[in-house]
Amino acid sequence: MADSTLKIGSGTVPTENRLGLKATDYHGGKSTLCAGCGHDAISNQIIRAFYEMSVKPEKVAKFSGIGCSSKTPAYFLSRSHGFNAVHGRMPAIATGAILANHRIVGIGVSGDGDTASIGLGQFMHMVRRNIPLIYIIENNGVYGLTKGQFSATADEGSKLKTGVINDLPPMDLCALAVELGCGFVARGFAGDPKQMVNILKAAIAHDGLSVIDVISPCVTFNNHEGSTKGYTYSKEHDELLHQIGFVQEYEQIEIDYEPGEVRVVEMHDGSRIVLKKLEEDYDPSIPIQALQRLHRATDQGQMLTGIVHLRPEKKSFTSMLNTVDEPLATLPLEKTRPPREALDKIMRDLM
Ligand SMILES: Cc1ncc(C[n+]2csc(CCOP(=O)(O)OP(=O)(O)O)c2C)c(N)n1
Ligand code: SF4
Ligand SMILES: [Mg+2]
């Protein structure tokens with residue numbers, strides 16, 4: 001696996017962020033997951049990304065469904081709002097909350113079971129609507145919480161500890177998200193924190209849905225020989241699409257690469273994503289290229305990671321609806337119901 005860091009700026013992490021908060025202000029409760037679970041590594045990078053981006057914890061709302069992965073919002077950002085939904089129903093809850101308050105930064109954490117099985121319908125409609133939400137799938141190929149049955153993302157031919165072989169083809173949630181028109185689709189690996197934190201920062205800056213499928217090994221049920229979602233297998237098969245750098249809008253950008261070697265994508269908030277090409281001719285803004293590359297990766301047994309598809313200009317659902325900017329709960333009564341004359345007119349028209 002190549003080094004996945006594109007170094008930009010000084011790279012030093014200050015002890016306080018621009019809000020004067022410490023990294024500990026972004027921590028959560030103590031994890032109860034198995035030691036070494038990939039999900040904990042992802043929580044650590046979520047803490048780091050929100051801290052380094054100086055997002056006020058009280059501005060964030062965390063959502064999840066059911067599973068070991070869905071427990072993790074309890075382990076980061078304890079000062080933020082949170083809602084633990086029924087299995088597979090997190091998208092509906094997140095959609096409602098975000099429509100009621102455009103100003104919150106929404107982050108959803110789901111599992112491959114929660115998203116690709118029971119929650120698939122909700123997931124697809126959330127993608128179609130482009131709800132502004134960071135949607136993370138902690139993908140270990142199994143239902144960890146219910147003791148390791150294959151999920152719909154398990155690779156064909158992969159083996160359970162008990163020797164059972166998976167005969168069904170995997171569902172690629174990145175390909176599905178591209179197909180449904182998502183403007184930000186990425187795949188990460190819990191064992192590559194440097195890449196992960198930059199993907200998360202880019203997602204925080206994105207105005208729209210970002211689908212981040214993270215290969216996150218389950219050390220208890222799916223990390224053995226024969227598994228294709230364990231640490232060893234994933235490290236050996238990780239294929240980087242590009243190196244990712246992230247520059248916040250107030251930072252200077254210093255790039256000393258040949259023209260054409262680096263692609264800079266400006267985000268809604270003025271920050272920039274810097275992608276150093278590792279593959280000739282790959283353009284992440286073209287959906288058909290993303291789909292082709294994902295299919296090729298599956299055919300060649302590669303675990304392709306990076307920002308697979310990026311269209312920051314796509315309109316999010318909240319901007320399409322053109323509703324008020326203020327949180328609905330803060331609106332005075334006279335703004336939320338029709339005036340007496342309007343009601344009288346309706347009554348007259350009905351008579
Ligand atoms: C309606 C309903 N059906 C089934 C279950 C049982 N169940 C709990 S978690 C889970 C799957 C979790 O798998 P995943 O989302 O991949 O999370 P992981 O534990 O692997 O992180 C299932 C089937 C449930 N809680 N509710
Ligand atoms: S069972 Fe698997 S997914 Fe669940 S906490 Fe343990 S290692 Fe993580
Ligand atoms: Mg799982």
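All ligand and atom numbering here is 1-based and tracks the order in the structure.
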Asks: Looking at K22 and E16, is any side-chain nitrogen of the basic one under 4.0 Å from a carboxylate oxygen of the acidic one?
Replies: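 A salt bridge links E16 with K22.
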
Asks: Which part of I118 is near ligand 1, with near meaning a heavy atom under 4.0 Å away: side chain, backbone, both or neither?
Replies: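 For I118, only side-chain atoms sit under 4.0 Å from ligand 1.
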
Asks: Which residue owns the protein heavy atom closest to atom 4 (C) of ligand 1, what's the atom, and how far is it?
Replies: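 The protein heavy atom lying closest is H87 CD2, 3.6 Å.
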
Asks: Does any N/O atom on Y143 come nearer than 3.5 Å to any N/O atom on ligand 1?
Replies: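 So ligand 1 has no N or O lying under 3.5 Å from an N or O of Y143.
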
Asks: Measuring from the heavy atoms of V219, does anything fall under 4.0 Å of ligand 2?
Replies: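 Within the 4.0 Å threshold, so yes.
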
Asks: Quick check: does C37 put an N/O/S atom under 2.8 Å from atom 8 (Fe) of ligand 2?
Replies: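 Under 2.8 Å: C37 contacts atom 8 (Fe) of ligand 2 through an N, O or S atom.
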
Asks: Any N/O of V142 closer than 3.5 Å to an N/O of ligand 1?
Replies: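 Looking only at distances, the answer is yes, because the N/O contact criterion of under 3.5 Å is met.
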
Asks: Do me a favour and list the nearest non-hydrogen protein atom to atom 25 (N) of ligand 1 with residue, atom name and distance?
Replies: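 The protein heavy atom lying closest is I66 CG2, 3.7 Å.
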
Asks: Compute the ring centroids of Y26 and Y51, then answer whether they are less than 6.0 Å apart.
Replies: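 Yes - the distance between ring centres of Y26 and Y51 falls below the 6.0 Å cut-off.
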
Asks: Do Y143 and F150 make the cut of ring centroids closer than 6.0 angstrom?
Replies: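 That pair fails the under 6.0 Å test.
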
Asks: For ligand 2, is any non-hydrogen atom under 4.0 Å from C68's backbone (N, CA, C, O), its side chain (CB onward), both, or neither?
Replies: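 The answer is the side chain of C68.
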
Asks: What atoms of ligand 2 come within less than 4.0 Å of a heavy atom belonging to L33?
Replies: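 Contacts of ligand 2 toward L33, numbered from 1: 5 (S).
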
Asks: For N140, is at least one N or O under 3.5 Å away from an N or O on ligand 1?
Replies: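 Yes; the residue has a nitrogen or oxygen that sits under 3.5 Å from a nitrogen or oxygen of the ligand.
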
Asks: Around atom 2 (Fe) of ligand 2, find the nearest protein heavy atom and jot down its residue, atom name and distance.
Replies: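 Sorting protein heavy atoms by distance from atom 2 (Fe) of ligand 2 puts C218 SG, 2.3 Å first.
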
Asks: Can you list the atoms of ligand 2 that are under 4.0 Å from a heavy atom of H39?
Replies: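 Taking each heavy atom of H39 in turn, ligand 2 has 3 (S) under 4.0 Å.
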
Asks: Around atom 14 (P) of ligand 1, find the nearest protein heavy atom and jot down its residue, atom name and distance.
Replies: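 Atom 14 (P) of ligand 1 sits closest to the protein heavy atom G113 N, 3.5 Å.
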
Asks: Taking heavy atoms and a distance under 4.0 Å, where does E138 meet ligand 1: side chain, backbone, both or neither?
Replies: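 Within the 4.0 Å criterion, E138 makes no contact with ligand 1.
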
Asks: Under a 3.5 Å distance rule, please check whether S216 uses its side chain to pair with a backbone N or O of E138 as donor and acceptor.
Replies: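 The answer is no, because no donor-acceptor pair under 3.5 Å joins these two groups.
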
Asks: Does H39 have a heavy atom less than 4.0 Å from any atom of ligand 1?
Replies: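 So H39 counts as touching ligand 1.
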
Asks: If the threshold is 4.0 Å, N to carboxylate O, is there a salt bridge linking K277 and E261?
Replies: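 Here K277 does not pair with E261 in a salt bridge, since their nearest N and O are not under 4.0 Å apart.
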
Asks: Does an N or O from D114, backbone or side chain, lie closer than 3.5 Å to an N or O of ligand 1?
Replies: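 Yes, at least one N or O pair falls under 3.5 Å.
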
Asks: Can you pull out the closest protein heavy atom to atom 6 (C) of ligand 1? Residue, atom name and distance to 0.1 Å, please.
Replies: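 Answer, as residue, atom name and distance: T146 CG2, 3.9 Å.
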
Asks: Looking at atom 21 (O) of ligand 1, what's its closest protein heavy atom, distance included?
Replies: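 Result for atom 21 (O) of ligand 1: S69 OG, 2.7 Å.
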
Asks: With a 4.0 Å cut-off on N to O distance, would you call D207 and K315 a salt bridge?
Replies: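 Between K315 and D207 there is no salt bridge, as every charged N stays at least 4.0 Å from the carboxylate O atoms.
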
Asks: Could you pull out, from L145, N222, T153, D112, the option with a heavy atom nearest to atom 16 (O) of ligand 1?
Replies: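 Checking each option, the heavy atom nearest atom 16 (O) of ligand 1 is found in D112.
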
Asks: Which part of V142 is near ligand 2, with near meaning a heavy atom under 4.0 Å away: side chain, backbone, both or neither?
Replies: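 For V142, no heavy atom sits under 4.0 Å from ligand 2.
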
Asks: Which atoms of ligand 2 sit under 4.0 Å from any heavy atom of F221?
Replies: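 Atoms satisfying the 4.0 Å criterion: 1 (S).
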
Asks: Hey, which atoms in ligand 2 end up nearer than 4.0 Å to a heavy atom of T220?
Replies: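 Checking each atom against T220, I get 6 (Fe), 7 (S).
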
Asks: In the protein, which heavy atom is nearest to atom 3 (S) of ligand 2, and how far is it?
Replies: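 Answer, as residue, atom name and distance: N140 ND2, 3.6 Å.
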
Asks: Might you confirm whether atom NE2 of H224 has over 12 heavy atoms from other residues, nucleotides or ligands at distances under 6.0 Å?
Replies: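 For H224, atom NE2 is crowded (more than 12 foreign heavy atoms under 6.0 Å).
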
Asks: Counting from 1, what ligand 2 atoms have a heavy atom of C34 closer than 4.0 Å?
Replies: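 What qualifies from ligand 2 is 1 (S), 5 (S), 6 (Fe), 7 (S).
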
